[in-house]
Amino acid sequence: MPEDHASETTSGDTRYNVKQSETHWQQVWEEQGCFAVSEQSDKPKYYVLEMFPYPSGRIHMGHVRNYTLGDVVARFMKARGYNVLHPMGWDAFGLPAENAAIENNVHPAKWTRENIATMRGQLKSMGLSYDWSREIATCEPEYYKHEQKMFLDFLREGLVYRKESWVNWDPVENTVLANEQVIDGKGWRSGAPVEKRKLAQWFLKITEYAEDLRAALAGLERWPDRVRLMQENWIGRSEGAHIRFDMEGSDEKLEVYTTRHDTIFGMTFCAVAANHPIAARLAEGNAELAAFVEECNRMSTSEEAIETAEKKGFDTGLRVRHPFVDGKTVPLYVANFVLMDYGTGAIFGCPGHDQRDMDFARKYGLDVIPVVAPRDVDPATFELGDEAYIGDGVIVNSDFINGMEIADAKAAVADRLEADGIGERAINYRLRDWGVSRQRYWGCPIPVIKCDACGVVPVPDDQLPVVLPEDVELGGAGNPLSRHPTWKHVDCPTCGKAAERETDTFDTFFESSWYFARFCSPHTEDIGFSRDAADYWMPVDQYIGGIEHAVLHLLYSRFFTRALRKCGYLDMDEPFAGLMTQGMVCHETYRDDKGWLFPTDVDRQGDQAVHVKTGKPVTIGRIEKMSKSKRNVVDPELIIREYGADTARLFMLSDSPPDRDLEWTDAGIEGAWRYLNRVWRGVMQPRAAIGEAPPADASAVEGAALDVLKLAHRTIDGVTGDLGRFHFNKAVARVRELTNALEDLKDENADAAAVRRFGWETAIRLLGPMMPHLCEELWRGLGHETLLVEQPWPEAEAAMLSLDTVEVGVQVNGKMRGTVSLAPDAPEDDARAGALALETVKAAIDGKDIRKVIYVPNRIINVVV
RNA sequence: GCGGGCGUGGUGAAAUUGGUAAACACAAGGGACUUAAAAUCCCUCGGCUUCGGCCUUGCCGGUUCAAGUCCGGCCGCCCGCACCA
């Protein structure tokens with residue numbers, strides 16, 4: 001077992017007592033209401049938010065990193081004079097609660113509430129500056145009743161609809177998944193291959209905002225480019241045209257979406273998706289086609305399946321008329337590679353210039369007509385093998401567009417389609433509407449009633465909330481809510497006849513799509529949030545969390561905010577003005593012949609490792625994200641108990657920038673622990689006297705003391721900039737430079753003592769947001785009666801930022817030959833004289849004529865010969 | 001396949017708009033203190049070297065007085081999307 005550093009106390013306070021100190025200051029901050037938030041303030045507002053956790057049981061290192069980053073920002077901005085909102089809550093609905101219920105025979109509500117209690121205690125031990133009075137848990141009716149109201153408002157505004165549609169079905173979770181929750185054809189949680197099913201589902205019209213959501217990304221300047229790009233790709237705007245084809249012997253039209261209308265004269269077939277209405281109708285009288293449709297629906301959508309699946313089609317026997325070539329018709333297929341989800345679920349095939357179409361044409365012996373020829377090839381001899389030509393070129397074999405560039409041809413075809421009334425320019429999006437129905441118990445009930453006579457009827461306002469029943473039987477087949485004996489049976493609010501409740505619940509991303517707004521209002525009011533409070537606090541100035549929500553949660557929230565605006569809840573489009581995505585916390589993996597091992601089971605010795613109990617060798621594996629399955633986890637609670645929260649916080653901030661992955665190592669945490677104690681000793685057991693006050697007249701300080709004094713001011717300046725840009729690792733490095741210099745300043749005179757006073761106080765104030773308990777303790781240790789957490793951020797004196805001399809690099813022909821010490825902004829003549837006086841420079845010039853001298857003041861002088 | 005990003009010591013990383021590469025740490029090695037250990041403190045720490053220097057930011061080339069940084073081409077790794085018409 002590791003040594004219990006934190007509880008080690010010796011007489012006479014020779015060592016920092018972490019436990020006592022951290023508990024003490026947490027209590028003081030709470031008693032004094034240091035983090036209590038108020039909308040009544042003449043300060044500018046700042047809303048910092050970390051993605052709220054799912055109450056899975058215990059906090060993990062990812063939480064520690066996330067919440068440390070947020071806390072540093074919150075404390076820093078508070079010190080800088082902002083009115084800070086920094087809340088915390090629980091994303092409390094979700095499947096693990098149901099699984100735990102089935103496995104351990106404990107009710108999801110109890111399991112969830114107990115986990116919240118545990119995790120709240122763990123977070124409190126980190127000393128985070130939350131206003132806990134605004135804590136929320138999304139599984140409580142006090143929370144979810146508001147979103148039931150929102151849903152009904154959305155319904156009124158036409159933002160919600162119910163539709164029978166093909167959906168992604170997770171066979172393990174026994175529920176529907178949104179498109180965003182299908183990763184590589186598998187359920188995002190279960191990892192099980194997703195199946196297609198046809199179900200009646202509630203949808204939110206996110207596609208109505210597709211263009212707005214896409215265009216507004218450009219304005220999210222404080223978001224990582226990566227995330228904006230991912231959302232842009234997800235929304236997937238494309239520009240093309242709709243074409244309505246006539247069919248032979250039928251009045252029905254075939255509507256197709258294409259981005260290559262320039263290749264219309266290369267069309268040799270058309271195809272529809274297996275679940276296209278035309279296919280469905282034809283299948284009714286055709287058993288063979290019905291079987292083919294069935295086969296397509298069974299096909300998995302996984303990457304692997306798509307790669308290996310053959311392009312298959314079924315000739316319907318119907319023929320489609322070419323819009324511009326009299327008498328020409330092409331066959332209509334049902335094809336397994338056409339998606340009902342995209343465009344119109346129907347395509348025209350131009351094998352010459354699309355590889356899929358080419359594969360299909362070769363398989364079924366269809367014509368291939370090249371209609372785009374590369375510029376450097378004679379169109380008369382241009383031929384295609386089995387490879388489609390998808391490059392740039394000139395249009396050929398194409399009647400009225402011959403000789404045109406692709407872009408011009410597209411325009412000409414679109415004009416003609418529009419003039420003939422058989423098509424028009426169209427913009428298409430990959431984004432699908434958000435299906436929010438889930439066939440699960442532990443979620444927010446969808447507040448509608450299904451009546452045979454009246455159809456779907458919203459639950460009247462005075463009957464909200466629709467509360468989840470607690471007496472349910474979990475573990476059977478299907479949704480426990482629909483199996484409940486009484487819950488779903490209600491009278492129709494409209495006609496009074498017997499009716500049934502909707503037994504589906506909301507996707508849990510529903511709750512996280514507006515929780516940031518809920519935090520804006522105190523819990524005293526019986527509303528989700530007040531318009532005034534939202535107008536005051538929103539948008540979130542800095543949002544911090546994992547990259548895994550780049551599309552899911554962050555896109556839903558952006559949509560939800562727009563929908564709320566439409567319903568008059570608030571007055572902005574974008575919920576998160578600034579976004580920081582943190583990297584993962586990683587650790588080495590260990591395994592022996594029996595499987596993965598916890599780090600606590602392993603004794604690491606140099607390059608080797610053995611099992612602590614058996615002494616048998618252990619294989620050291622790759623460094624990977626901490627995960628329960630690989631067992632490469634370190635329990636934050638043990639770390640905080642052993643080293644204290646400040647040590648863990650410092651480690652999280654020290655070496656790696658926040659957006660990069662961070663490797664947890666014992667050596668690293670030890671290093672942070674050593675530094676914490678070093679700072680404590682620097683103040684409480686200084687090697688040389690610390691004065692009672694900072695220098696009264698800074699301009700009178702001289703010598704080594706002056707250097708340190710100036711360094712302290714430069715450190716303030718640098719750390720302020722670093723923290724403002726979230727360069728926490730650089731901020732830590734800067735403070736370490738300062739404390740190193742303070743330790744080295746050994747002069748025993750009044751100036752030095754006064755400078756030490758100033759220097760240590762500065763270091764403590766700058767470290768305050770990172771190691772709040774230690775710094776509060778040392779602030780008191782330096783004799784202050786006030787609380788550090790209430791102190792304003794230190795400011796550097798401009799006069800102290802200037803240096804007496806600067807070291808300027810000297811180059812000859814661009815090669816470094818030495819340095820000269822010059823006054824800041826020294827004139828070129830001085831620099832030149834200094835440079836030419838250097839022996840190394842003389843040797844390098846070797847008597848040659850100086851052709852040119854390039855001098856960049858304070859940086860470099862380059863002599864060119 | 002499409003889109004994007006990243007390659008700097010043994011390791012994590014620093015390096016304003018191109019201007020002294022490796023700050024600050026971790027690990028390692030040596031020393032001091034100690035009966036001993038822990039803790040602490042001091043020193044060394046990119047490579048080669050004939051001790052004058054020379055080389056060094058994945059590789060090759062280019063622009064420039066000057067390139068880790070800009071441009072072009074490779075190599076490697078990572079991420080997102082993907083039968084998207």
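Order of the sequence lines sets the chain letters (A, B, ...), proteins ahead of strands, with each chain counted from 1. Quick caveat, the model's predicted, so the values are computed rather than measured.
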May I ask you to verify if any side-chain N or O of [X] is less than 4.0 angstrom from the OP1 or OP2 atom of [N]?
X: Arg674(A); N: C26(B); answer: yes
X: Arg430(A); N: C2(B); answer: no
X: Arg817(A); N: C54(B); answer: yes
X: Arg356(A); N: C84(B); answer: yes

Which part of the nucleic acid does [X] contact within heavy-atom distance under 4.0 Å: base, sugar-phosphate only, or nothing?
X: Ser654(A); value: nothing
X: Glu737(A); value: sugar-phosphate
X: Arg736(A); value: sugar-phosphate
X: Arg851(A); value: nothing
X: Arg687(A); value: sugar-phosphate
X: Ile854(A); value: base
X: Val338(A); value: base
X: Asn740(A); value: sugar-phosphate
X: Arg260(A); value: sugar-phosphate
X: Asn862(A); value: base
X: Arg228(A); value: nothing

Practice problem: Using heavy atoms to find the nearest nucleotide of RNA chain B for Asn233(A) and Ala667(A) separately, return the residue whose nucleotide is more 5′. | Solution: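 This one resolves to Asn233(A).
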
Quiz prompt | Pairwise 5' ranking along RNA chain B for Met340(A) and Trp234(A), keeping only the more 5' one | solution =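 On the 5' side of the pair lies Trp234(A).
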
I want to verify a distance call: between [options], whose nearest atom is closest to the [X] side chain?
X: Lys815(A); options: C84(B), C55(B), G19(B); result: C55(B)
X: Tyr257(A); options: C65(B), A85(B), A82(B); result: A85(B)
X: Val864(A); options: C26(B), G3(B), C65(B); result: C65(B)
X: Arg681(A); options: C84(B), U20(B), U40(B); result: U40(B)
X: Lys852(A); options: C65(B), A85(B), C41(B); result: C65(B)
X: Ala733(A); options: C41(B), C24(B), A27(B); result: C24(B)
X: Met816(A); options: A13(B), C81(B), U20(B); result: U20(B)
X: Phe337(A); options: U20(B), C83(B), C42(B); result: C83(B)
X: Pro657(A); options: U20(B), C81(B), A14(B); result: A14(B)

Basic-acidic side-chain contact under 4.0 Å: [X], [Y]:
X: Glu239(A); Y: Lys410(A); answer: no
X: Asp707(A); Y: Lys710(A); answer: no
X: Arg604(A); Y: Asp666(A); answer: no
X: Asp386(A); Y: Arg362(A); answer: yes
X: Glu424(A); Y: Arg244(A); answer: yes

[N] pairs with which nucleotide, Watson-Crick or G-U wobble, both distances below 3.5 Å?
N: C51(B); result: none
N: A82(B); result: none
N: A36(B); result: none
N: U44(B); result: A28(B)
N: A21(B); result: none
N: C74(B); result: G58(B)

Pairwise [atom1] distance for [N] and [M], with rounding to whole Å:
N: A13(B); M: A32(B); atom1: C1'; value: 31 Å
N: C33(B); M: A39(B); atom1: C1'; value: 11 Å
N: C6(B); M: U16(B); atom1: P; value: 15 Å
N: A21(B); M: U69(B); atom1: P; value: 13 Å
N: U56(B); M: A67(B); atom1: P; value: 11 Å
N: U44(B); M: U50(B); atom1: P; value: 22 Å
N: U8(B); M: U57(B); atom1: P; value: 12 Å
N: C71(B); M: U20(B); atom1: C1'; value: 25 Å

Nearest-angstrom distance from the residue atom [atom1] of [X] to [atom2] of [N]:
X: Phe728(A); N: A13(B); atom1: CZ; atom2: P; answer: 16 Å
X: Ile861(A); N: U20(B); atom1: CD1; atom2: P; answer: 14 Å
X: Ile390(A); N: C84(B); atom1: CD1; atom2: P; answer: 11 Å
X: Trp664(A); N: A25(B); atom1: CH2; atom2: P; answer: 20 Å
X: His587(A); N: G12(B); atom1: NE2; atom2: P; answer: 16 Å
X: Lys842(A); N: G52(B); atom1: NZ; atom2: P; answer: 18 Å
X: Asn858(A); N: U16(B); atom1: CG; atom2: P; answer: 16 Å
X: Ile860(A); N: A15(B); atom1: CD1; atom2: C1'; answer: 13 Å

Quiz item: If you count the non-hydrogen atoms of other residues, nucleotides and ligands that lie under 6.0 Å from CZ in Arg214(A), is the total more than 12?
Solution: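 Enclosed: over 12 neighbouring heavy atoms sit under 6.0 Å from CZ of Arg214(A).
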
Practice problem: Return the orientation label for the His553(A) and His549(A) ring planes: parallel under 30°, perpendicular over 60°, tilted otherwise. | Solution: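 His553(A) and His549(A): perpendicular rings.
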
Quiz item: Hey, what's the ring geometry for Tyr342(A) with Tyr257(A), parallel, tilted or perpendicular (30° and 60° as the breaks)?
Solution: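 If you compare the ring of Tyr342(A) with that of Tyr257(A), the planes turn out perpendicular.
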
Exercise. Just label G9(B) as syn or anti from its O4'-C1'-N9-C4 or O4'-C1'-N1-C2 angle, using within 90° of 0 for syn.
Key: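 Nucleotide G9(B) adopts syn.
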
Exercise. Answer syn or anti for G52(B), where the cut-off is 90° from 0 on the glycosidic torsion.
Key: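 Syn conformation here, the glycosidic angle of G52(B) being no more than 90° from 0.
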
Exercise. Kindly indicate whether the side chain of Lys730(A) and the base of C24(B) share any N or O donor-acceptor pair separated by less than 3.5 Å?
Key: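 It does not, because no donor-acceptor pair links the side chain of Lys730(A) to the base of C24(B) below 3.5 Å.
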
Quiz item: Name the one of Asp722(A), Thr739(A), Thr715(A) that satisfies side chain to side chain donor-acceptor pair (under 3.5 Å) with Arg734(A)?
Solution: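 Single pass found, and it is Asp722(A).
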
Quiz item: Would a line drawn from the ring center of Phe269(A) to the ring center of Tyr364(A) be shorter than 6.0 Å?
Solution: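 Ring centroids of Phe269(A) and Tyr364(A) are no less than 6.0 Å from each other.
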
